[in-house]
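Here the structure comes first, spelled out in C-alpha cells, and everything after it is commentary.
Each chain gets a letter, A, B and so on, in the order its sequence line appears, and its residues count up from 1.
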There are 2 protein chains.
Amino acid sequence: MSSAPRYVEIADYLRDLIAQADPGERLPSDAELCERFGVSRMTARQAVMTLANEHLLERKRGSGTFVSSRRIPRALGSPLSFSVSTRMRGMVPSSRVLRAGPVALAEDAAAALGIAITSPAILLERLRLADAVPMAVEHAVIPADDAGLLDEDLTFGSLHAAFERTGRIPTRALAEVGARTATKRERDLLELPAQGIVLTEVRTIFDQNGAPLEHTSTFYAAERYVFSAVLYRDEGQTQ
Amino acid sequence: MSSAPRYVEIADYLRDLIAQADPGERLPSDAELCERFGVSRMTARQAVMTLANEHLLERKRGSGTFVSSRRIPRALGSPLSFSVSTRMRGMVPSSRVLRAGPVALAEDAAAALGIAITSPAILLERLRLADAVPMAVEHAVIPADDAGLLDEDLTFGSLHAAFERTGRIPTRALAEVGARTATKRERDLLELPAQGIVLTEVRTIFDQNGAPLEHTSTFYAAERYVFSAVLYRDEGQTQ
DNA sequence: ATCTCTAATATGTCTATACATTTGCTCATT
DNA sequence: AATGAGCAAATGTATAGACATATTAGAGAT
C-alpha cells in the first residue's frame, strides 16, 4: 500500500522529531537512522539532506546533525496562500465571497495567464478575514475551464486546495508588492479610515508544469497586515 | 591542487551549459556525464540534483534533464541588498550618506541584534537612489565593533560587500514588509506629495554563523517602488 | 591538575551495481 | 494509414561498502 519511498518515510520521522525538539538539539546520526530503519547510509542521508536543504536542520561534519537554531517556516520566501500564512500566524482564516462569476479579462491578467484577452474567465472576489477581522480584499482571476472549482465551498477552504484536488499543484509564483491609498470600496470593506492605505500584492501562480493557474491581486489593510519572509542567499548547499 | 569535489566540478560545467542554453534545451543525461567525467552515476546525479534544487534545471523521469523553462534569478526570494536588486532592474544604484555615527540603540534594534540596549552602536543613514532618482531612506544599525566598515566609500558600494571583505558573509535575513504614510522628512527626501506613502521594510541580516550583522529599516517611495519576488513551494524536491 | 595525543564518531565524497518506473520511438500488424 | 506491442533510454530508488576529513572525548603522560 504504502508506496512512498523509504527516504520520504525517514524524512517524515525527522520532521516529527524536529517539531517536538528545541533549536540546537541533536538529531539521530546517519548510522542510527540506518539501524532504526534498516536502510543503507545513502538512503538515510538522502532523507537528512532533504531537510537540510529546507534549512530545518544543520549538519556539522565530525560533530552531528542538529535542529536548526532558528526554526524556519517550511515554505520559504513568502506565503503562497492567505489561508496557510494566516494559520502560521496562529489565527483562523475565513472568507466572504463578494463576487463570483464571468468577467471580462483585463490586459495584464490576460498577459499573465497567457491567454487571449477575449477568452472567457472567472472572477472570484473574496474578503479575507483572520480571526473574523477583515484583512484583505482578494481578486482572483482564473480561466473559465477551471470554473468547476467554484462549486467547492470557498468560505473556509482555499482555492489552492481546490486546485490540488484536480491534480494541478501550485508550484511557483511571481509576486509584486507595493502600496497605495485605499479606494472608497476598500475602506468600507476593510474598515479603514479616510486616507487608509492598502498593501498591494499582484501574484501569478503556476502549476507543476509551468502553466498559469491564476492571477490574483490582493489588497491588505496596511495598518493590520505585514508580510514577513525569511530570505536566504542560496548557493552551494553543502559544506 | 584542485581539492574541490568532483560533483562541484560537474555542477560548474552544467552551470556553464545552462548559461549559454535556451530555456527548455536538453542537458546531458546522467550516463553521458558519467562517461565524460569518469564518475559513477551517484556522483553525476549529486551534481545535477544540486542544480535541480536551485531550479536551474528540471528533470523529467523517462525523458531527460532540461534547462529550466523560465530562468530564475539565482538568489530566490527578495533582494538582500538594494544595490544588487537595483542593478538587476537595469538601473544604476547610488547613495547619499545622511548620517553616520554613534547612536543610542532602540529596543527593537537591540533585540534583533541580540545585544544589550546599552551597547555602543553605529547608525548609517543613507538616501538610496536608482538612476539618480531618490527611492528610499535606509536606516542601518550595526554593532560598534564593526565601525571600521564606515571607512569604506559607501556612496556607490554596498555595506554587504564591505562586510564580505571582512569574512562575514550575509547569509540569512528576516524581513517584514508593510506600508504607512510618509513623515515630513521622508516626503522631503523622497520628493513625495502630501499624503505620500512609504513601503516599509524591516530587516535583520545574519552572517554564515547565524550571528546578527545589521538591523535595517528602509522606507521606499511607494509610488516609484515595488518589491518583486519569485516564490516556490519547496517540498520534496524529487518527482 | 593540565596538557597532548589517540581513538572513536560523524559527516563528506565516491564507487559499482541493481532494479523500478516513465517516456518516447520503432516496427510489425491490422 | 492507424494502431498497438515492445524495446531502449532516462530518471528514481536503494544497496553495501570504502576512504577522507572534522570533531570530540578520553586515556595517558607530564
Side-chain angles (χ1 to χ4, degrees), chain A residues 1-14 17-18 24-69 167 208-210 235-239, chain B residues 1-14 17-18 24-69 208-209 235-239:
Chain A
M1 210 77 258
S2 155
S3 61
R6 294 289 272 148
Y7 76 89
V8 171
E9 182 189 339
I10 299 171
D12 286 343
Y13 165 77
L14 289 171
L17 287 187
I18 291 169
E25 202 167 299
R26 188 191 207 95
L27 290 169
S29 70
D30 291 2
E32 287 166 339
L33 290 175
C34 292
E35 194 179 0
R36 170 182 287 269
F37 289 92
V39 297
S40 75
R41 194 176 150 221
M42 290 299 273
T43 302
R45 193 182 146 77
Q46 184 171 7
V48 179
M49 289 310 294
T50 299
L51 303 197
N53 286 332
E54 293 176 21
H55 301 274
L56 288 172
L57 54 81
E58 291 168 10
R59 308 204 90 196
K60 288 183 186 155
R61 180 178 186 158
S63 177
T65 302
F66 305 88
V67 176
S68 193
S69 50
Q208 68 271 32
N209 299 316
E235 320 215 21
Q237 63 256 51
T238 49
Q239 283 286 50
Chain B
M1 208 81 256
S2 153
S3 59
R6 295 287 273 148
Y7 77 88
V8 171
E9 181 188 339
I10 299 171
D12 286 343
Y13 165 78
L14 289 170
L17 286 187
I18 291 169
E25 202 168 299
R26 189 192 205 95
L27 290 168
S29 69
D30 291 2
E32 286 165 342
L33 290 174
C34 292
E35 193 178 2
R36 169 183 288 269
F37 288 92
V39 297
S40 76
R41 190 173 153 223
M42 289 300 273
T43 301
R45 191 183 147 78
Q46 185 172 8
V48 179
M49 287 311 293
T50 299
L51 303 197
N53 286 333
E54 292 176 22
H55 302 275
L56 288 172
L57 55 81
E58 291 168 11
R59 308 204 91 196
K60 287 183 186 154
R61 180 179 190 159
S63 179
T65 302
F66 305 88
V67 176
S68 193
S69 49
Q208 68 270 32
N209 300 315
E235 320 213 21
Q237 62 260 47
T238 50
Q239 283 283 51

Please report the distance, rounded to the nearest Å, between CD in B:E58 and P in D:dG12. 12 Å

Does OP1 or OP2 of D:dT11 have a side-chain N or O of B:S63 closer than 4.0 Å? no

Which listed nucleotide (C:dT17, C:dG12, C:dT11) is nearest to the side chain of A:S29? C:dT11

Among C:dC14, D:dT11, D:dA14, which nucleotide sits nearest the side chain of B:R59? D:dT11

B:T65 side-chain N/O to B:L27 backbone N/O, donor-acceptor pair under 3.5 Å: no

Could you state the interatomic distance from CD (B:E9) to CG (B:L14), rounded to the nearest 0.5 Å? 11.0 Å

A:R59 (side chain) donor-acceptor with A:V48 (main chain) under 3.5 angstrom: no

Pairwise 5' ranking along DNA chain D for B:T65 and A:K60, keeping only the more 5' one: B:T65

When you match B:R26 and B:M42 each to their closest nucleotide on DNA chain D, which lands nearer the 5' end? B:R26

Taking the side chain of A:R61 as heavy atoms from C-beta outward, which of D:dT11, D:dG12, C:dG12 is closest to it? C:dG12

Side chain of A:P5 only, heavy atoms from C-beta on: which candidate in C:dT22, D:dA14, D:dT15 is closest? D:dA14

Separation of A:L51 CG from A:I10 CD1 (nearest 0.5 Å): 10.5 Å

Mark yes or no for whether A:E35, through its side chain, and A:E32, through its backbone, hold a donor-acceptor pair below 3.5 Å. no

Please classify the nucleic acid contact of B:R41 as base, sugar-phosphate, or nothing, using heavy-atom distances under 4.0 Å. base

Phosphate OP1/OP2 of D:dA14: any A:Y7 side-chain N/O under 4.0 Å: no

Touch check for A:V39, heavy atoms < 4.0 angstrom, all strands: base, sugar-phosphate only, or nothing? sugar-phosphate

Shortest side-chain distance from B:S40, nucleotide among C:dA16, D:dT11, C:dT13: C:dA16

Earlier contact from the 5' end, DNA chain C, for A:P28 and B:A44: A:P28

Please tell me which of the listed nucleotides, C:dA16, C:dT13, D:dT15, lies nearest to the side chain of A:T43? D:dT15

